[in-house]
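Beneath this line is the structure, given in structure tokens, with notes to follow.
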There are 2 protein chains.
Amino acid sequence: MEQTIRETLKDYNLRSTSCREDILGTFLNKGVALSHGDIEDSLGERFDRVTIYRTLKTFLEKGLIHKVLDDEGVRYALCKDHCSEKDHHHDHIHFKCTECGQTNCLANVHIPAVQLPDGYFANEVNLLIQGRCPACT
Amino acid sequence: MEQTIRETLKDYNLRSTSCREDILGTFLNKGVALSHGDIEDSLGERFDRVTIYRTLKTFLEKGLIHKVLDDEGVRYALCKDHCSEKDHHHDHIHFKCTECGQTNCLANVHIPAVQLPDGYFANEVNLLIQGRCPACT
DNA sequence: TTATTGATGCAACAGCGTTGCAAGAGATAA
DNA sequence: TTATCTCTTGCAACGCTGTTGCATCAATAA
């Protein structure tokens, strides 16, 4: 695990620092989409607020994580596919449970094609479904 | 128009004030989703920041407008159907043009049904498509 | 016209996210 | 291992967004 994290960082051309290792580890551990606040809570006072912001920004740019839009703000989740700086490709669904509040990616559910009116061209599709997850049913 | 605005406010059990009339008028005029900042810019210094926030909150609660999620924050758009405090019903699509930055509702495009994994129950569906609008093609 | 209820403006505040800068730690090569 | 360079971090400060309390003012109904 420890090793995997370091290798992952290396794969993405990122230096291994304890902050990056801990944040990446948190994502792997929790397995759900996390907000900046979630990460701050989870890591305690170990790192500066600013450092966490910058780390998330770096991960985002390198394609390690992607944004997840939510009715209450922005969260981040690991990219399952290997994304890169240039090429984020996500057509999976984000599911937010209104009971437990957790948001995660439904990797195997693809977004059905949508018929847009004339003149509209789709580039990126973002689908958020809110409801109840299996754990809360 | 002037009259329509006042009647609409009355329909929603809202007092007619110049702030509410102007904000509702702005939505009708622009016809696209607006952020708090857009409205502030559009109305100038005529009303206090706080008043605009409170007006948007009131409109939201009464079902006059609904939230539109965006990668850069929250916007608001008029509800086409007659929504109420209890019952916001929206299964239309939000389209954001990456050229001009405008976001609007595609009222006539319905979201196709999505087959969720076992145990998941959908309650509300939110679909944002980013791309190019007819004006920017 | 007046009384009542609700809306507004002002001041203050909390939280989120960013920037500049100096100090510190990781990677690389000798 | 050490020296060097480059990138990362922590700190302080700031701007922006959104909220709250309170006194004042305006819209409605009688």
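Everything numeric here is computed off the predicted structure, so don't read it as measured data. Below, chain A is the first sequence line, B the second, and so on; all start at residue 1.
- For Ser35(B), the side chain to side chain donor-acceptor pair (under 3.5 Å) partners are Asp38(B), not counting sequence neighbours.
- For residues 101-114 of chain B, the side chain to side chain donor-acceptor pair (under 3.5 Å) pairs, not counting sequence neighbours, are Asp70(B)-Thr103(B), Asp91(B)-His110(B).
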Determine all donor-acceptor pairs shorter than 3.5 Å in which one atom belongs to a side chain in residues 111-137 of chain A; sequence neighbours excluded.
residue: Arg132(A); atom: NH1; partner: Cys136(A); partner atom: O; Å: 3.3
residue: Arg132(A); atom: NH2; partner: Glu99(A); partner atom: OE2; Å: 3.2
residue: Thr137(A); atom: OG1; partner: Cys133(A); partner atom: O; Å: 2.9
residue: Thr137(A); atom: OG1; partner: Gly119(B); partner atom: O; Å: 3.3

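- Contact footprint of chain A on DNA chain C: nucleotides with an atom under 4.0 Å from a non-hydrogen protein atom, first to last in 5' to 3' order, dC16(C) to dA27(C).
- Each of Ser16(B) and Gly37(B) was matched to the nucleotide of DNA chain D holding its nearest heavy atom; the match closer to the 5' end belongs to Gly37(B).
- Listed by chain and number, the residues in a salt bridge (charged side-chain N to carboxylate O under 4.0 Å, His left out) with Arg20(A) amount to none (sequence neighbours excluded).
- For the pair Glu40(B) CD and dT17(D) P, the computed distance is 8 Å after rounding to whole Å.
- No side-chain heavy atom of Leu106(B) sits under 4.5 Å from any side-chain heavy atom of His94(B).
- Remark: Thr58(B) pairs with no residue by the side chain to side chain donor-acceptor pair (under 3.5 Å) rule, at least two apart or across chains.
- Using a 4.5 Å heavy-atom cutoff, the side chains of Ile23(A) and Phe47(A) are not in contact.
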Distances for protein N or O near nucleotides 4-8 of chain D N or O, under 3.5 Å:
residue: dT6(D); atom: O2; partner: Arg15(A); partner atom: NH1; Å: 3.3
residue: dT6(D); atom: O2; partner: Arg15(A); partner atom: NH2; Å: 2.8
residue: dC7(D); atom: O4'; partner: Arg15(A); partner atom: NH1; Å: 3.3
residue: dC7(D); atom: O4'; partner: Arg15(A); partner atom: NH2; Å: 3.0
residue: dC7(D); atom: O2; partner: Arg15(A); partner atom: NH1; Å: 3.3
residue: dT8(D); atom: OP1; partner: Arg20(A); partner atom: NH1; Å: 2.9
residue: dT8(D); atom: OP1; partner: Arg20(A); partner atom: NH2; Å: 2.5
residue: dT8(D); atom: O5'; partner: Arg20(A); partner atom: NH2; Å: 3.4

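- At whole-Å resolution of the value, CG in Leu9(B) and P in dT28(D) are 9 Å apart.
- For residues 105-117 of chain A, no pair satisfies salt bridge (charged side-chain N to carboxylate O under 4.0 Å, His left out), with sequence neighbours left out.
- Side-chain to base pairing of Arg49(B) with dG18(D): one donor and one acceptor N or O lie within less than 3.5 Å of each other.
- Judged as a salt bridge (charged side-chain N to carboxylate O under 4.0 Å, His left out), the pairs with a partner in residues 39-59 of chain B (not counting sequence neighbours) are, in order, Asp22(B)-Arg46(B).
- Five base pairs at each end of the helix from dT1(C)-dA30(D) to dA30(C)-dT1(D) define two local axes, and these are offset by 40° (rounded to 10°).
- Between Val68(B) and Val74(B) there is no side-chain heavy-atom pair separated by less than 4.5 Å.
- Taking the nucleotide of DNA chain C with the nearest heavy atom to each of Ser18(B) and Val74(A), the more 5' of the two is matched to Ser18(B).
- Cluster annotation: Tyr53(B) and Leu78(B) are assigned to distinct hydrophobic clusters (Ile/Leu/Val/Met/Phe/Trp/Tyr, side-chain heavy-atom contacts under 4.5 Å, transitive).
- Not counting sequence neighbours, Tyr76(B) has no partner by the ring pair (Phe, Tyr, Trp, His ring centres under 6.0 Å) test.
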Show each protein N/O and nucleotides 20-24 of chain D N/O combination with a separation under 3.5 Å, one pair to a line.
residue: dG21(D); atom: O6; partner: Arg54(B); partner atom: NH2; Å: 3.2

Begin with the C-alpha distance, continue with both residues' side-chain angles, and end with the deciding distance and a verdict on side-chain contact (heavy atoms from CB on, under 4.5 Å) for Leu24(B) and Thr55(B).
-> CA-CA 10 Å; Leu24(B) 180 49; Thr55(B) 303; over 6 Å; no
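- Contact between the side-chain N/O atoms of Tyr53(B) and the OP1/OP2 oxygens of dT19(D) is not found at any separation under 4.0 Å.
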